[in-house]
Amino acid sequence: MNNITSFARQVYAATKKIPRGRVATYLTIANYIGYKGAARAVGNALNKNPFAPSVPCHRVVKSSGEIGGFAFGLSEKIKRLKGEGVEVAKGKVVDFKRKLYLFK
DNA sequence: CATATGACACTAT
DNA sequence: AATAGTGCCATAT
């Protein structure tokens, strides 16, 4: 029902901070919110994503630059990214390191 | 409390 | 570069 863990709440908060046209990784988000190394757990939280439209979860990718996953289908995620100016080729973000957004 | 799960990451091969 | 194995972490049951 309506139980959102503190962890998940922080994940959504951090995800909302990702600027349009930029991306962040599961690991950097985990580190930023204080759960160092919890990349996998971040993915799980986003998968549940109770705030689907309000949280730009499509801007979260793998540390390697690969797209990762998406609850509504990978093609949809890529479509959204491209729509923001983030090019994707062969399942990876183009100029990944340059598009990567580091939290401050 | 123990086991299983997954939108991950890293190292070795 | 591509694959496989191992480690990690918060949840769900």
Side-chain angles (χ1 to χ4, degrees):
Chain A
M1 304 357 137
N2 61 349
N3 296 322
I4 302 174
T5 65
S6 174
F7 171 73
R9 210 174 330 191
Q10 292 176 77
V11 170
Y12 305 138
T15 304
K16 281 183 187 170
K17 295 180 181 179
I18 306 173
R20 186 175 174 286
R22 291 281 174 111
V23 296
T25 77
Y26 300 95
L27 187 60
T28 57
I29 290 177
N31 293 335
Y32 173 64
I33 65 179
Y35 290 74
K36 197 166 194 312
R40 221 166 181 176
V42 169
N44 277 330
L46 288 177
N47 183 26
K48 294 172 184 174
N49 189 10
F51 307 98
S54 61
V55 175
C57 38
H58 60 280
R59 295 178 190 153
V60 185
V61 299
K62 289 194 184 184
S63 181
S64 60
E66 294 174 85
I67 304 306
F70 196 60
F72 298 106
L74 270 184
S75 50
E76 187 60 33
K77 182 172 183 177
I78 295 174
K79 209 171 183 180
R80 272 171 163 256
L81 286 172
K82 286 190 174 181
E84 296 185 349
V86 179
E87 283 301 311
V88 179
K90 299 176 179 63
K92 297 169 204 164
V93 175
V94 179
D95 289 327
F96 170 59
K97 288 188 176 180
R98 205 169 68 74
K99 302 275 185 187
L100 185 58
Y101 170 72
L102 278 60
F103 294 92
K104 58 177 167 46

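We name chains A, B, ... by the order of the sequence lines, and we start the count at 1 in each one. Reckoned from all heavy atoms, side chains included, excluding hydrogens, waters and symmetry mates.
- Under the 4.5 Å side-chain criterion, counting only non-hydrogen atoms from C-beta, Ile18(A) is in contact with Phe103(A).
- A straight line from CG of Asn47(A) to P of dA4(B) spans 21 Å, rounded to a whole angstrom.
- To the nearest angstrom, C1' of dC10(B) lies 13 Å from CD of Glu66(A).
- At the heavy-atom level, Leu46(A) lies under 4.0 Å from base atoms of the strands shown.
- Listed for the Lys77(A) side chain is a donor-acceptor partner under 3.5 Å among the backbone atoms of Gly69(A).
- None of Lys99(A), Arg20(A), Arg59(A) except one satisfies the side chain to side chain donor-acceptor pair (under 3.5 Å) rule with Glu84(A); the exception is Arg59(A).
- Of the residues listed (Ile78(A), Ile67(A), Leu100(A)), the one engaging Val93(A) in a side chain to side chain contact (heavy atoms under 4.5 Å, CB included) is Ile67(A), and it is the only one.
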Reading 5' to 3' through nucleotides 8-13 of chain C, protein heavy-atom contacts under 4.0 Å coded B for base, S for sugar-phosphate only, - for none: BBSSS-
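- For the pair Lys62(A) and Lys92(A), the minimum side-chain heavy-atom distance is 4.5 Å or more.
- The nearest whole Å value for the distance from the CZ atom in Phe70(A) to the C1' atom in dC8(B) is 17 Å.
- With Tyr26(A) contributing its side chain and Asn44(A) its backbone, the two residues share no donor-acceptor pair below 3.5 Å.
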